[in-house]
Protein chains: 2
Amino acid sequence: MLRAAVSLADEGGLKSLTMRRLAESLDAEAMSLYYHVANKEELLDGVAEFVVQEINDVVDRIDLPSAGADWKKAARQRILAAREVLLRHPWAPELLQTRTTAPVAVAKYFDGLLRLMRDGGFSYDLAHHGLHALGSRALGFSQELFNPGDDANSDDSAAMMENMAGQFPYLAGMLMEIVHDDPDSTLGWCDDQTEFEFGLDIVLDGLDRLRSER
Amino acid sequence: MLRAAVSLADEGGLKSLTMRRLAESLDAEAMSLYYHVANKEELLDGVAEFVVQEINDVVDRIDLPSAGADWKKAARQRILAAREVLLRHPWAPELLQTRTTAPVAVAKYFDGLLRLMRDGGFSYDLAHHGLHALGSRALGFSQELFNPGDDANSDDSAAMMENMAGQFPYLAGMLMEIVHDDPDSTLGWCDDQTEFEFGLDIVLDGLDRLRSER
DNA sequence: ACCTGAACACCGTTCAAGT
DNA sequence: ACCTGAACACCGTTCAAGT
């Protein structure tokens, strides 16, 4: 079903992915889709998950750098591989931008990037800013991303933390450090303005450096 | 009419901006809109133009730096001002992302940035890469942007060039140099892969520098 | 447990018709 | 020159009903 939805979008863009057409393309005709999915938003969430998982499959096939080796080269490889997948699904960035809740596969993807950066000698703090700075380049979409802490509204945040540590150890480590440094910060909440300026300054400084090198 | 459309989107997001609702909100009721606009796409193009023009109005009120002064500070100011406007219209990035043809106001905005960079000592070539590198941060949306050379399909490209030089002198200068360096390049066409990697490397290098400074 | 059909409210758009 | 009304094709979604 998700595979069929992706095919439809590949052929005619996001707006040709319609419940009726999807049902038709599955020979099963009509609105039986609503048995498997609550509504179209849930369908779109599934498609988003599916396409980011396709990225993860490609990225996971890339070897990790040996121990403390060149993190930059490894990150570059992964990001360019992600871009390649996205170029085959040009509708995906627009879809991801409209999701209100982050696909789990996105957490997995960033957890992998975070691992590279940690192994490369980054503090969690700098790595955190770094993920924001990469922003749109990391996954083909921009914007202030998502509100994390979404896939579990459990008030038992300790249990949530443990569950998360299992799936996404580096993301969990990062969050724990943020909470440790600033106990008042809402779990996973980021100061968008600060992060925007951090990323902006990296680009501006980099350009200025190139300019004065001439 | 455009103002009313912006209000509708501000209140209920892009999907609540509907031809029927817009007509209603204009007391003029019904589909008389189609006298003023060919279809909804044209309406959306108009809204995009309108909102970027709002950015330009704000940005133009910022003083230019004196002569060859700090381009970086000036660019930073403008970009943060643009972001402020965009935060008031959270639907705008999504809208801009779905435009197939660049609003004229976008050309105007980038022409202004280009002027700052040229005055700051940038070559057209480096400034060109720089605009790509800023990407989503410059106007709140990402992606490989638009196909320029759109608002005039005239085969008389000399006349087009002249017209453009009047409105956007720096953009025109940049294009002229690109054509001069590589006469085969289609007017305004960019190698997206190259530009993506350029911007990516700036961020990666910047992060690596911050890492090794610790 | 899984699918279907008819129905509803809401789209964008056309077109012949009004002033 | 500008607006309107009825109509059409197409949405997402509900719900009672089938197997």
Side-chain angles (χ1 to χ4, degrees), chain A residues 1-52 89-103 141 146 150, chain B residues 1-52 89-103 141 146 150:
Chain A
M1 164 162 167
L2 293 179
R3 215 179 315 274
V6 168
S7 296
L8 267 180
D10 283 342
E11 283 159 29
L14 261 196
K15 72 179 189 42
S16 81
L17 171 51
T18 203
M19 296 301 269
R20 287 171 147 98
R21 267 200 276 238
L22 176 58
E24 186 187 11
S25 94
L26 287 167
D27 68 346
E29 24 201 331
M31 339 269 76
S32 5
L33 299 173
Y34 282 92
Y35 182 79
H36 304 275
V37 103
N39 49 36
K40 191 174 183 186
E41 276 308 287
E42 202 174 296
L43 202 224
L44 293 178
D45 285 345
V47 174
E49 186 73 41
F50 188 88
V51 83
V52 179
H89 306 299
W91 43 268
E94 191 188 329
L95 173 67
L96 287 168
Q97 202 161 89
T98 59
R99 295 310 85 203
T100 58
T101 167
F141 59 96
F146 310 97
D150 40 315
Chain B
M1 164 163 168
L2 293 180
R3 215 180 313 273
V6 168
S7 296
L8 267 180
D10 283 343
E11 283 158 28
L14 261 195
K15 71 179 189 40
S16 83
L17 170 51
T18 202
M19 296 300 271
R20 286 170 149 98
R21 266 201 276 237
L22 176 58
E24 186 188 11
S25 93
L26 287 166
D27 69 347
E29 25 200 330
M31 338 268 77
S32 5
L33 297 174
Y34 282 92
Y35 182 79
H36 304 275
V37 103
N39 49 37
K40 191 175 184 183
E41 276 307 288
E42 202 174 294
L43 202 223
L44 293 178
D45 285 344
V47 174
E49 186 72 42
F50 188 87
V51 84
V52 179
H89 307 298
W91 44 268
E94 192 187 330
L95 173 66
L96 287 169
Q97 202 160 86
T98 58
R99 295 310 85 205
T100 57
T101 168
F141 60 96
F146 311 96
D150 40 314

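Proteins come first, then strands; the chains are lettered A, B, ... in the order of their sequence lines, and each starts at number 1.
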K.L.:
I need the B:Met31 CE to B:Arg20 CZ distance, nearest 0.5 Å.
P.N.:
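Separation between the atoms: 5.0 Å.
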K.L.:
Do B:Leu2 and B:Glu49 pass the side chain to side chain contact (heavy atoms under 4.5 Å, CB included) test, and can you show the C-alpha distance, the side-chain angles, and the key distance before you say yes or no?
P.N.:
CA-CA 9 Å; B:Leu2 293 180; B:Glu49 186 72 42; over 6 Å; no
K.L.:
Just how far, in rounded Å, is C1' of D:dG5 from CG of B:Leu33?
P.N.:
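Interatomic distance, CG of B:Leu33 to C1' of D:dG5: 15 Å.
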K.L.:
Given the rule in the side chain to side chain contact (heavy atoms under 4.5 Å, CB included) test, do B:Met1 and B:Leu33 qualify, once you have shown the distances and angles that lead to the verdict?
P.N.:
CA-CA 9 Å; B:Met1 164 163 168; B:Leu33 297 174; 4.2 Å; yes
K.L.:
Is A:Ser32 near enough to C:dT4 that one of its side-chain N or O atoms lies under 4.0 angstrom from OP1 or OP2?
P.N.:
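Yes, such a contact exists.
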K.L.:
On a heavy-atom basis, which atom in A:Met19 and which in A:Leu43 lie closest, and how many Å separate them?
P.N.:
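Residues A:Met19 and A:Leu43, closest heavy atoms: SD-CD1, 3.9 Å.
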K.L.:
For D:dG5, what is the paired nucleotide under Watson-Crick or G-U wobble rules, both distances under 3.5 Å?
P.N.:
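Check on D:dG5: paired to C:dC15, both distances under 3.5 Å.
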K.L.:
May I ask you to check whether over 12 heavy atoms, not counting those of B:Glu42, lie within 6.0 Å of atom CD?
P.N.:
yes
K.L.:
Please tell me if A:Tyr35 has a side-chain N or O lying less than 4.0 Å from either OP1 or OP2 of C:dC3.
P.N.:
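A:Tyr35 to C:dC3 OP1/OP2: no side-chain N or O under 4.0 Å.
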K.L.:
With side chain to side chain contact (heavy atoms under 4.5 Å, CB included) as the criterion, how do B:Leu8 and B:Glu24 come out once you've worked through the C-alpha distance, each side chain's angles and the decisive distance to 0.1 Å?
P.N.:
CA-CA 11 Å; B:Leu8 267 180; B:Glu24 186 188 11; over 6 Å; no
K.L.:
Ignoring backbone atoms, test whether B:His36 places a side-chain nitrogen or oxygen under 4.0 Å from the OP1 or OP2 oxygen of D:dC3.
P.N.:
yes
K.L.:
Can you build the contact string for nucleotides 9-19 of chain C? Use B for base contact, S for sugar-phosphate-only contact, and - for no protein heavy atom under 4.0 Å.
P.N.:
--BBB------
